[in-house]
Amino acid sequence: MNEYFLDLHIHLGSTASGKPVKITASKSLTLENIIVEARDNKGLDMIGIIDCHVPEVMMQLEQWKNEGNLVEQDGGGVSFKGLTLLLGSEIEIYDENCKGPIHVLCFLPTIDKMRLFSEWFAKRVTNITLSSQRIYESGRVLQEKVHELDGLFIPAHIFTPFKSLYGKGVVKSLTEVFDPNLIDGVELGLSSNTLMASVVAELAPYPYLTNSDAHSLNKIAREYQLVTMKEPTFAEFRKVLKGEDGRRVVKNFGLNPYLGKYYNTACEKCFTLRVNDEEHCTNCGHSKFTKGVSERIKELGHATIDIAFRPPYIHQIPLEFIPGVGPKTLYKLREAFQTEMNILHNVTEKELVEVVGEKIGSLIMKARSGELSFKAGGAGKFGSVTPE
């Protein structure tokens with residue numbers, strides 16, 4: 001068995017010809033740039049590209065395959081010069097059973113299976129060339145199609161106030177929209193963690209995933225997981241999700257929920273946190289608030305928390321959140337220690353201090369050991385590390 005770092009929610013900003021894919025993502029998020037950033041700068045072993053249903057993206061994958069740069073693996077997934085790509089699609093469901101839109105991740109094992117899925121999807125969507133499009137089909141039918149093609153179905157960022165399973169999609173239970181037997185795992189999102197999610201009893205059967213939902217290159221691997229499996233393939237990852245033959249998620253690495261954009265209920269206008277149940281913001285008088293993930297989870301249930309069977313959830317602080325770590329400092333760290341996985345997990349404090357000085361070196365070590373303090377985010381504004 002071997003251990004691998006995975007981030008399975010990365011968007012494409014544009015195709016090779018420059019056409020937009022994810023409208024809200026950076027145009028620098030091309031397949032080529034993502035591979036370099038994920039493999040060489042971040043140090044990941046497997047990534048999920050969740051816009052592979054786009055015809056031009058499949059054409060590029062086929063071209064790389066014909067040129068000999070990309071290899072389809074026997075167990076599914078494709079390998080590009082040492083990095084495994086899982087071929088996925090983020091889709092918005094808003095059928096008659098939904099109270100609001102829900103985003104899900106659908107992964108297919110091969111290019112051929114993704115092509116079959118894309119052809120089916122194209123008949124049920126307005127624009128097949130874009131990411132996160134609404135499917136004019138029921139959630140259960142989508143689940144059935146994904147599994148018919150030997151794929152994996154994973155609800156995305158399940159507590160986010162907008163476009164998520166519990167944020168707006170259902171009143172109380174995932175069974176309002178989905179077949180619970182056709183869910184392979186759930187993605188927690190940036191404003192929750194294992195302890196918070198575990199009070200929702202119906203989530204107990206599913207593995208928790210922590211992914212970046214990256215809309216720019218530097219956001220890749222702001223959340224990720226360490227898994228153990230024989231090799232980085234689709235089939236092995238399926239075993240990880242099922243907990244079969246010793247394959248499993250070893251650790252989840254995610255933001256401290258305070259750093260997420262939606263942890264607390266906050267004013268939509270000035271982002272002031274609502275402490276009690278005020279009808280108007282105490283700072284600006286605005287009357288509209290975005291309900292925080294922490295408040296929504298309290299509404300969903302109060303199950304007895306049992307997380308002993310869950311992998312540890314490590315509150316990982318991305319380097320960009322650490323005070324004093326700007327582009328120049330990050331460049332120095334990468335020059336000295338190659339990848340962010342190495343900086344965040346392996347480099348000693350002495351080695352860090354020699355490169356970036358005692359103050360920043362100490363902050364990175366405190367981030368690693370969970371000793372930093374935070375100001376909570378809300379209403380779409382990220383939280384922050386509290387300066388010492």
State whether the side chain of Arg140 and the backbone N or O of Phe178 hold a donor-acceptor pair below 3.5 Å, judged by distance alone.
yes

Run the side-chain hydrogen bond (donor to acceptor under 3.5 Å, both in side chains) test on Glu92 and Ser132 for me, step by step, so that the C-alpha distance in whole Å, both residues' side-chain angles and the decisive distance to 0.1 Å come before the verdict.
CA-CA 6 Å; Glu92 182 172 300; Ser132 310; over 6 Å; no

Got a second to check how far Asp45's CG is from Asn2's CG, nearest 0.5 Å?
9.5 Å

Just verifying a value: how many Å separate Leu203 CG and Ile158 CD1, rounded to the nearest 0.5 Å?
5.0 Å

Counting C-beta onward and ignoring hydrogens, is there a side-chain heavy-atom pair between Thr290 and Phe271 closer than 4.5 Å?
no

Measure from the side-chain N and O atoms of Arg39 to the backbone N and O of Gly82, and report whether any donor-acceptor pair falls under 3.5 Å.
no

Step-by-step side-chain hydrogen bond (donor to acceptor under 3.5 Å, both in side chains) determination, Glu223 to His9
CA-CA 9 Å; Glu223 294 203 340; His9 192 156; over 6 Å; no

So, Ser131 side chain and Val21 main chain: donor-acceptor pair closer than 3.5 Å or not?
no

Apply side-chain contact (heavy atoms from CB on, under 4.5 Å) to residues Arg134 and Thr126 and explain how you reach the verdict.
CA-CA 8 Å; Arg134 178 180 174 184; Thr126 301; over 6 Å; no

So, for His157 and Tyr262, is the gap between ring centers shorter than 6.0 Å?
no

If hydrophobic clusters are built from ILVMFWY residues whose side chains come within less than 4.5 Å, do Leu87 and Met46 share one?
no

Can you check side-chain contact (heavy atoms from CB on, under 4.5 Å) on Ile50 and His11, steps first, answer last?
CA-CA 6 Å; Ile50 47 83; His11 282 285; 3.1 Å; yes

Please say whether more than 12 non-hydrogen atoms of neighbouring residues, nucleotides or ligands are located less than 6.0 Å from NZ in Lys99.
yes

What do the steps show when you test Thr160 against Ser191 for side-chain contact (heavy atoms from CB on, under 4.5 Å), and what is the final call?
CA-CA 7 Å; Thr160 303; Ser191 297; over 6 Å; no

Between Tyr206 and Glu202, which heavy-atom pair has the shortest distance, and what is it?
CE1-O, 3.5 Å

Measure the shortest side-chain to side-chain distance between Val199 and Leu300 over non-hydrogen atoms and say whether it is less than 4.5 angstrom.
no

For the rings on Phe107 and Phe237, is their centre-to-centre separation under 6.0 Å?
no

Note: Val177 and Asn97 closest approach over all heavy atoms is CG2-O, 3.8 Å

Any side-chain heavy atom of Cys281 sitting closer than 4.5 Å to one from Lys269?
no

Within a reach of under 6.0 Å around CG of Asn127, are more than 12 heavy atoms found that belong to other residues, nucleotides or ligands?
yes

Looking at side-chain heavy atoms only, is the closest gap between Glu32 and Gln60 below 4.5 Å?
yes

Could you check whether any side-chain heavy atom of Lys42 comes within less than 4.5 Å of a side-chain heavy atom of Arg334, counting everything from C-beta outward?
yes

Can a salt bridge be assigned to the pair Glu148 and Lys145 using a cut-off of 4.0 Å between side-chain N and carboxylate O?
yes

Salt-bridged, Lys168 to Glu176, with N to O below 4.0 Å?
no

Is there a donor-acceptor contact under 3.5 Å from the side chain of Arg296 to the main chain of Pro161?
no

Classify the angle between the aromatic ring planes of His53 and Phe121 as parallel (below 30°), tilted (30 to 60°) or perpendicular (above 60°).
perpendicular

Between Leu217 and Ser26, is there a side-chain heavy-atom distance shorter than 4.5 Å?
no

Is the shortest side-chain N to carboxylate O distance from Glu90 to Lys163 below 4.0 Å?
no

Backbone N/O of Glu299 and side chain of Lys172: donor-acceptor pair under 3.5 Å:
yes

If you measure from CG on Leu61 to CG on Leu31, what distance do you get to the nearest 0.5 Å?
6.0 Å

Which pair of non-hydrogen atoms, one from Ser212 and one from Arg222, has the smallest distance, and what is that distance?
O-NE, 2.9 Å

Could you tell me which non-hydrogen atom of Pro155 sits nearest to which non-hydrogen atom of Ile183, and how far apart they are?
CD-CG2, 3.8 Å

Counting N and O atoms only, with roles assigned by atom type, does the side chain of Ser89 sit under 3.5 Å from a partner on the main chain of Asp51, one being a donor and the other an acceptor?
no

Can you tell me how far the CD1 atom of Ile23 sits from the CG atom of Leu130, to the nearest 0.5 Å?
5.0 Å

What orientation do His345 and Phe5 show, parallel under 30°, tilted 30 to 60°, or perpendicular over 60°?
parallel

Measure the shortest side-chain to side-chain distance between Leu330 and Glu340 over non-hydrogen atoms and say whether it is less than 4.5 angstrom.
yes

Would a distance-only check, ignoring hydrogens and angles, find a side-chain to backbone donor-acceptor pair under 3.5 Å from Asn211 to Asp213?
no

Looking at every heavy atom in both Ala38 and Leu83, which two are closest together, and how far apart are they?
CB-CD2, 4.2 Å

Short question: side chain of Thr15, backbone of Lys19 - any donor-acceptor pair under 3.5 Å?
yes

Asn33 side-chain N/O to Ser28 backbone N/O, donor-acceptor pair under 3.5 Å:
yes

Apply the test side-chain contact (heavy atoms from CB on, under 4.5 Å) to residues Leu174 and Tyr166: give CA-CA distance (whole Å), side-chain angles for both, the deciding distance (0.1 Å), then the verdict.
CA-CA 8 Å; Leu174 60 84; Tyr166 295 114; 3.7 Å; yes

Thr210 versus Leu188, closest heavy-atom pair with distance
CG2-CD1, 4.5 Å

The side-chain hydrogen bond (donor to acceptor under 3.5 Å, both in side chains) partner of Asp184 among Lys242, Gln143, His147, Arg238 is His147

Backbone N/O of Lys65 and side chain of Glu72: donor-acceptor pair under 3.5 Å
no

Atom CZ of residue position Phe309 - does it have more than 12 heavy atoms of other residues, nucleotides or ligands inside 6.0 Å?
yes

Look at atom CD of Glu96 and say whether more than 12 heavy atoms of other residues, nucleotides or ligands are closer to it than 6.0 Å.
no

Does a donor on one side chain and an acceptor on the other come within less than 3.5 Å for Asp112 and Thr110?
no

Could you go through the side-chain hydrogen bond (donor to acceptor under 3.5 Å, both in side chains) check for Ser138 and Asp95 one step at a time?
CA-CA 5 Å; Ser138 76; Asp95 65 21; 4.8 Å; no

Flag for Glu236-Thr233: side-chain donor and acceptor within less than 3.5 Å:
no

Less than 4.0 Å between a side-chain N and a carboxylate O, is that true for Lys113 and Asp150?
yes

Establish whether Ile314 and Ile307 are linked, either directly or via other cluster members, by ILVMFWY side-chain heavy-atom contacts under 4.5 Å.
yes

In one Ile/Leu/Val/Met/Phe/Trp/Tyr side-chain cluster, 4.5 Å: Phe153, Leu116
yes

Any chance CD of Glu358 has more than 12 other-residue heavy atoms, nucleotides or ligands included, within less than 6.0 Å?
no

Spatial distance of atom CG (Asn193) from atom CZ (Phe159) [nearest 0.5 Å]:
9.5 Å

Are there over 12 heavy-atom neighbours, none belonging to Met1, within less than 6.0 Å of that residue's CE?
yes

Answer whether the closest heavy-atom distance between the side chains of Phe337 and Val355 falls below 4.5 Å.
yes

